[in-house]
Amino acid sequence: MPVTIHDVAREAGTTIGTVSKALNNSHSISGERTVQIKTIAERLGYRPNARAQTFARQANREIVFLTGLPRDIAFANPHMFEILAGAEAALTSKGYGLKLRGCGADTVCSMMKDVMERKLADGLLLHASIVTRELAVHVTHTETPHLVIGKPGFSSSLCWIDNNNQLAGELAAGYLLDSGKRKIAYIGGGDEDRISQDRLEGVKVRIKESRMCLDPSLVFKGESTMAEGTRITNGLLSRVPDAAFDSVICANNLLAFGCLNALQARGVRVPEDIALITFDDHPLAQLTNPMMTTVSIDMYDLGEQAGKLLLSKIRKPQMQIQTYTTIPRLVVRGSTASAP
């Protein structure tokens with residue numbers, strides 16, 4: 001059986017990525033280490049695979065985007081396609097193609113291995129919703145060129161970019177406070193929903209800056225669905241007197257649509273009695289009555305930045321990218337103020 005790069009890496013006590021860099025005289029590997037690895041490779045009789053060398057030069061010029069693609073994704077998460085469009089524009093401008101592959105957290109690791117081992121792509125874009133600890137370990141060990149869109153929910157050396165969801169929460173709470181609201185309720189996803197929790201943290205920070213605090217009895221968590229938004233709001237209205245809160249921040253659009261339906265069904269006027277604000281300017285946010293005030297994120301720009309940064313990562317494998325990008329902005333509509 002011929003000697004493989006894995007054999008050389010095992011003998012040298014390092015990763016195959018480091019071996020590859022040393023054999024290709026990468027400046028990121030010290031001269032002494034390069035000589036040591038080359039000596040081991042020569043002693044073992046290792047001969048580089050021509051196909052692997054082609055891959056190392058990124059001759060494929062293809063990027064694969066791995067994300068969950070359940071039924072009705074276009075309705076549940078239309079922002080996914082804005083991200084894809086932005087990434088595709090950035091990659092196309094540099095002569096790269098973009099392929100979309102659907103998978104879940106339980107299959108992403110095997111799919112990533114298949115894509116990379118078959119040399120189908122020069123790098124990967126990964127949606128944070130499917131990233132697992134197992135994937136993080138494998139990506140780091142193999143030094144796979146990658147970029148996660150969204151901050152992973154655990155500490156790792158993965159490269160990622162994300163919206164600043166805490167800042168988005170601060171903007172939402174700040175706007176309501178500046179509008180004279182003082183009794184703010186929050187409806188969000190469960191504890192595992194990092195985006196919702198980050199937005200909640202931003203709301204708390206901004207309210208605390210105003211020398212107040214968010215009433216824990218007005219914070220509700222559940223599934224991110226319209227039905228859940230309706231259920232939580234009905235429960236809120238049943239348990240809490242109307243005068244106990246004057247505004248609601250919903251962590252996402254589906255919760256906000258359900259909340260609005262419940263408020264109006266109970267005869268609560270929006271925004272006259274209760275102001276309502278949400279995040280991520282969903283296309284349907286302009287079809288409700290009143291139209292939704294949102295803290296909007298430019299998802300196209302997020303995808304575009306992801307594409308550019310991944311290409312930088314491919315050119316410079318030693319780059320570590322963990323940053324927030326794309327500043328959120330407030331879009332004021334009728335759910336918090338009388339329509340113009």
Side-chain angles (χ1 to χ4, degrees), residues 77-79 82-83 86 128 149-151 160-189 193-216 218-221 224 229 232-233 245-260 263 270-271 274-286 288 290-306 323-340:
N77 187 10
H79 306 302
E82 284 292 297
I83 293 172
I149 299 177
K151 185 178 179 181
W160 56 265
I161 63 170
D162 196 8
N163 306 311
N164 193 329
N165 287 300
Q166 179 170 321
L167 177 58
E170 292 180 34
L171 283 176
Y175 171 73
L176 292 176
L177 291 169
D178 290 344
S179 301
K181 306 301 182 183
R182 293 294 179 269
K183 303 170 184 177
I184 300 173
Y186 183 87
I187 299 176
D193 185 340
R194 186 178 183 86
I195 292 175
S196 176
Q197 298 310 308
D198 286 347
R199 289 170 175 171
L200 174 58
E201 186 61 30
V203 171
K204 290 178 178 178
V205 167
R206 183 62 182 84
I207 292 177
K208 186 175 181 180
E209 287 176 352
S210 298
R211 298 184 178 181
M212 296 184 291
C213 65
L214 182 63
D215 185 346
L218 296 180
V219 176
F220 301 87
K221 300 177 182 180
S224 293
I232 290 175
T233 304
F245 65 103
D246 54 22
S247 51
V248 182
I249 298 175
C250 289
N252 58 60
N253 286 272
L254 292 180
L255 288 171
F257 297 154
C259 176
L260 179 62
L263 290 172
V270 177
I274 302 291
L276 177 60
I277 187 169
T278 186
F279 301 86
D280 303 330
D281 205 16
H282 195 294
L284 295 182
Q286 298 182 57
T288 57
M291 293 190 290
M292 292 282 186
T293 291
T294 69
V295 177
S296 178
I297 306 291
D298 190 337
M299 295 296 179
Y300 184 95
D301 180 66
L302 182 65
E304 196 170 27
Q305 294 298 326
T323 188
Y324 293 106
T325 184
T326 306
I327 300 299
R329 65 185 180 87
L330 187 70
V331 180
V332 178
R333 298 195 182 101
S335 67
T336 56
S338 298

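Looking only at side-chain heavy atoms (C-beta outward), Gln286 and Arg333 come within less than 4.5 Å of each other. Side chains of Ile149 and Trp160 form no contact here, defined as non-hydrogen atoms less than 4.5 Å apart. Using a 4.5 Å cut-off on side-chain heavy atoms (C-beta onward), Gln305 and Ile161 make contact. Between Leu276 and Cys250, some side-chain heavy-atom pair lies under the 4.5 Å cut-off. With contacts defined as side-chain heavy-atom distances shorter than 4.5 Å, the pair Leu218/Ile184 does not qualify. Looking at heavy atoms from C-beta onward, Val205 lies out of side-chain contact with Lys208 at the 4.5 angstrom threshold. For the pair Ile187 and Ile249, the minimum side-chain heavy-atom distance is 4.5 Å or more. Taking 4.5 Å as the limit, every side-chain heavy atom of Thr325 sits out of range of all side-chain heavy atoms of Asp162.
Smallest separation of non-hydrogen atoms from Ser247 and Ile274: CA-CG2, 3.9 Å. The two residues Tyr186 and Ala251 have their closest heavy-atom pair at OH-CB, 3.3 Å. In plain terms, the two heavy atoms of Leu167 and Pro328 that are nearest each other are CD2-CD, 3.9 Å. Ala168 approaches Phe279 most closely through the heavy-atom pair O-CE2, 3.4 Å. The minimum heavy-atom distance linking Ile232 with Phe220 is given by the pair CG2-CB, 3.4 Å. Between Pro271 and Lys181, the shortest heavy-atom contact is O-NZ, 4.5 Å.
In this structure, the separation between NZ on Lys221 and CG on Leu255 is 13.0 Å, given to the nearest 0.5 Å. The CD1 atom of Ile297 sits 4.5 Å away from the CG atom of Asn163 when rounded to the nearest 0.5 Å. How far CD1 of Ile277 is from OG1 of Thr293: 6.0 Å, rounded to the nearest 0.5 Å. With rounding to the nearest 0.5 angstrom, the NE2 atom of His79 is 4.5 Å from the CG atom of Asp280. Taken to the nearest 0.5 Å, the CD atom of Glu304 stands 14.5 Å off from the CE atom of Met299. The CD atom of Gln166 lies 11.0 Å from the NZ atom of Lys204; values are rounded to the nearest 0.5 Å.
Environment of CZ in Arg182: crowded, with over 12 heavy atoms of neighbouring residues, nucleotides or ligands closer than 6.0 Å.
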Derivation of the side chain to side chain contact (heavy atoms under 4.5 Å, CB included) call for Leu260 and Val270: CA-CA 8 Å; Leu260 179 62; Val270 177; 3.9 Å; yes
Go through the steps for Asp281 and Thr294 under the test side-chain hydrogen bond (donor to acceptor under 3.5 Å, both in side chains), then give the verdict. CA-CA 6 Å; Asp281 205 16; Thr294 69; 3.2 Å; yes
One pair to check against side-chain hydrogen bond (donor to acceptor under 3.5 Å, both in side chains): Asn252 and Ser224. What are the steps and the verdict? CA-CA 7 Å; Asn252 58 60; Ser224 293; 3.0 Å; yes
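Remark: the Asp301 side chain and the Thr326 side chain contain an N/O donor-acceptor pair separated by less than 3.5 Å.
When atom types are taken as modelled, the side chain of Ser210 and the backbone of Met212 share no donor-acceptor pair closer than 3.5 angstrom.
At a threshold of 4.0 Å, the pair Asp193-Arg199 does not count as salt-bridged, since none of the basic side-chain nitrogens sits closer than that to a carboxylate oxygen.
Among Thr278, Val248, Leu254, the single residue meeting the side chain to side chain contact (heavy atoms under 4.5 Å, CB included) criterion with Cys259 is Val248.
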